[in-house]
J.: 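Structure incoming, see below.
To find a chain, count down the sequence lines: A is the first, B the second, and so on, and within it residues start at 1.
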There are 2 protein chains.
Amino acid sequence: MKLEILTKNEHKELHNVIIANIRDLINNKNLEPGDKLPSERMLSEKFEVSRSNVREAIQKLEFYGILKSKPQSGTFVADIGQVAMNGMMDDILGLEDPDFKSLVETRILLELKTVRLAAKRRTDEDLKSMESALEAFKEKVLNNEDAVQEDLLFHLAIAQACGNSTINRMMLIITPEIINNFEKYHVCDKNQSKRRLKEHQDIFEAIKEQNTQKAKQMMKDHFVELYKYCYNL
Amino acid sequence: MKLEILTKNEHKELHNVIIANIRDLINNKNLEPGDKLPSERMLSEKFEVSRSNVREAIQKLEFYGILKSKPQSGTFVADIGQVAMNGMMDDILGLEDPDFKSLVETRILLELKTVRLAAKRRTDEDLKSMESALEAFKEKVLNNEDAVQEDLLFHLAIAQACGNSTINRMMLIITPEIINNFEKYHVCDKNQSKRRLKEHQDIFEAIKEQNTQKAKQMMKDHFVELYKYCYNL
DNA sequence: TGAAACAAATTGGTTAACCAGATTGGTTTA
DNA sequence: TAAACCAATCTGGTTAACCAATTTGTTTCA
């Protein structure tokens, strides 16, 4: 067996090959939901890759809920049915890296929801953490410092207050990618930071008053420029 | 070093401990964005866990974009800033498993968007794959068979047609969990399947005609019962 | 005859040794 | 003096050997 060090992309490509192999194997062995996959050792031999590569590919499929491995027992096909499994495998294999436009579009969608839910469901504790995030942002802005991080942390605080763990998780997934792209494209205009602060304060007030309509509108106003920026790409 | 086999939950808990340790280490060593983390060997020794556990925790943080490891070089703190890093670490540590209500709420949010975008952006190729998914669903329904998988695959086909890779990825993430809960709670009523088929056909027609308003409305109608179900939990 | 008990083989998880590329510090050379 | 070179060291990635829980097939005994 040959030994090579792979780059990240080759690595990802290898995972996809293994995933495709697993899919085909499930199909022509006609494995039903709940059936046991061949052992990691057998797979690594059959596919001519290392066992750790097989394990990583299986972990990825576990993340998407397609497989489930039990210690000292085996790896099992999840109870989602063969058709769904095939469809999802193909989707996963076809996944492309997120572009900036899709990230911003998704962020706006999520945040217009989180802000409404937060206005409806926020606890006093949520208010406190949002307020402290807002204060941190304010201090940076008034000192004329860069405040991209504090900006996004305020938004994450809103996401936490929205009482929906799934949306919160998704906000966490996209936030670092958003930050990276912000820095890459220099989206944030420092001259506008005072205005951004005002908008944040308005959003916070609306959530505090539990005024869902106003909260959503304030967030929309807040995103106007980002929205324009996104669709000019 | 003691050897134990951990359950999935203990495993997750161990990851969280390691993540918290890494966070603290970054903080009191005052590592800046772009700085190099101590090597995996050092970390595993310092935290008194195995190196593979450290690697898994690092992989998780890489998934969220907080760390970045380079082969033969080291693991680096991402360029998202110390404040954002701390905030995100805490959020990740506080993540709870998704409840059914949050899943459904998120799904509805995402799908009301995907259907509009799909109506606007669908290519002829998209139409073909949606149509074949619809056909598969139709056949099952007319034969009075269970069609949960085909149902969701039609929705995934719409997500693929929406031209937003981030939203598409999120649909993929929640779909298996949705399927599992559908089966657990027996949400799908077979008596309603004929009606579901009609609704799917309406949605497909609206997307075909590129009528975004109608597409959204049809999807809303499609979700009426699911929505009610979700809020009665 | 059937079930209970035991032993061997199989499993995913864990550990440790190993690999080759990257880094680093000191030495040499122009 | 500084740039170029080289070897020792350090790194994440890879491999292989090992562990204990589980499963499975056989034997044994009531």
Side-chain angles (χ1 to χ4, degrees), chain A residues 1-19 21-22 25-26 29 31 34-63 65-78, chain B residues 1-19 21-22 25-26 29 31-32 34-78:
Chain A
M1 195 151 305
K2 60 184 174 181
L3 167 65
E4 305 180 56
I5 306 285
L6 301 176
T7 69
K8 274 274 138 66
N9 278 342
E10 292 169 328
H11 210 90
K12 193 180 163 191
E13 203 42 55
L14 179 57
H15 282 183
N16 279 355
V17 171
I18 297 175
I19 289 175
N21 276 327
I22 292 178
L25 182 139
I26 292 179
K29 287 221 173 185
L31 295 184
D35 281 357
K36 191 166 74 173
L37 228 56
S39 72
E40 295 177 352
R41 288 168 183 80
M42 303 253 303
L43 293 178
S44 77
E45 196 174 340
K46 198 177 181 66
F47 303 155
E48 294 180 332
V49 294
S50 75
R51 196 182 146 203
S52 37
N53 288 135
V54 172
R55 296 191 101 242
E56 285 167 359
I58 288 177
Q59 272 177 31
K60 191 166 174 182
L61 291 176
E62 265 192 282
F63 173 77
I66 291 180
L67 298 180
K68 194 89 188 162
S69 62
K70 285 188 191 173
Q72 281 77 41
S73 177
T75 301
F76 298 84
V77 182
Chain B
M1 193 151 306
K2 61 184 173 180
L3 168 65
E4 306 180 55
I5 306 284
L6 301 175
T7 68
K8 274 276 137 66
N9 278 343
E10 291 169 329
H11 210 90
K12 192 180 162 188
E13 203 43 54
L14 179 57
H15 282 183
N16 279 354
V17 171
I18 297 175
I19 288 175
N21 277 326
I22 291 177
L25 182 139
I26 292 180
K29 288 221 172 183
L31 296 184
E32 299 286 322
D35 282 357
K36 191 166 75 172
L37 228 58
S39 71
E40 296 177 351
R41 288 167 182 81
M42 305 250 306
L43 293 179
S44 77
E45 196 175 340
K46 197 176 181 69
F47 303 155
E48 293 180 334
V49 295
S50 76
R51 194 181 147 204
S52 37
N53 288 135
V54 172
R55 296 190 102 244
E56 285 166 0
I58 289 178
Q59 272 176 30
K60 191 167 173 179
L61 291 176
E62 264 192 283
F63 173 77
Y64 284 105
I66 290 179
L67 298 179
K68 194 87 188 165
S69 63
K70 286 187 192 174
Q72 281 80 41
S73 176
T75 302
F76 298 84
V77 182

J.: Is the distance from OP1 or OP2 of C/dG12 to the nearest side-chain N or O of A/T75 less than 4.0 Å?
T.: yes
J.: For B/F76, enumerate each residue passing the ring pair (Phe, Tyr, Trp, His ring centres under 6.0 Å) test, keeping only those at least two apart in sequence or located in another chain.
T.: none
J.: Can you find a side chain N or O atom of B/S50 that sits less than 4.0 Å from OP1 or OP2 on C/dT15?
T.: yes
J.: Tell me every residue that passes side chain to side chain contact (heavy atoms under 4.5 Å, CB included) with A/R55, counting only those two or more places apart in sequence or in another chain.
T.: A/E40, A/R51, A/Q59
J.: Rounded to whole angstroms, how far apart are CG on A/L37 and C1' on C/dT11?
T.: 13 Å
J.: In whole Å, what is the span from the CZ atom of B/R41 to the P atom of C/dC19?
T.: 13 Å
J.: Round to the nearest Å and state the distance from A/I58 atom CD1 to C/dG12 atom P.
T.: 7 Å
J.: Measuring from B/H15:NE2 to B/I58:CD1, what's the distance to the nearest 0.5 Å?
T.: 11.0 Å
J.: Between D/dG13 atom P and A/E56 atom CD, what is the distance in whole Å?
T.: 9 Å
J.: Side chain to side chain contact (heavy atoms under 4.5 Å, CB included) with B/N16: which residues, sequence neighbours excluded?
T.: B/E13, B/I19, B/K60, B/L93
J.: List the residues meeting side chain to side chain contact (heavy atoms under 4.5 Å, CB included) with A/S52, not counting sequence neighbours, and say none if there are none.
T.: A/S50
J.: Respond yes when some side-chain nitrogen or oxygen of B/S69 is under 4.0 Å from OP1 or OP2 of D/dG12, and no when none is.
T.: no
J.: Of the options C/dT11, D/dG12, D/dT14, whose atoms approach the side-chain atoms of B/E40 most closely?
T.: D/dG12
J.: Under 4.0 Å: is that the gap between some side-chain N or O of B/S73 and OP1 or OP2 of C/dT23?
T.: yes
J.: Can you give me the bend angle of the helix from C/dT1-D/dA30 to C/dA30-D/dT1? Use the axis through the first five pairs and the one through the last five, nearest 10 degrees.
T.: 0°
J.: Could you check how far CZ of A/R55 sits from C1' of D/dT15, rounded to whole Å?
T.: 13 Å
J.: How far does CG of B/L37 sit from CG of B/L25, to the nearest 0.5 angstrom?
T.: 6.5 Å
J.: For B/M42 and D/dG12, what is the distance between atoms CE and P respectively, to the nearest whole Å?
T.: 10 Å
J.: Grab the CZ-C1' distance between B/R51 and D/dT14 for me, whole Å please.
T.: 9 Å
J.: With sequence neighbours left out, which residue pairs that include part of residues 39-62 of chain B fulfil the ring pair (Phe, Tyr, Trp, His ring centres under 6.0 Å) condition?
T.: none
J.: Rounded off to whole Å, could you give me the CD-to-C1' distance for the A/E62 and C/dG13 pair?
T.: 12 Å
J.: Look at all strands and tell whether A/S39 reaches a base, only sugar-phosphate, or nothing, counting heavy atoms closer than 4.0 Å.
T.: sugar-phosphate
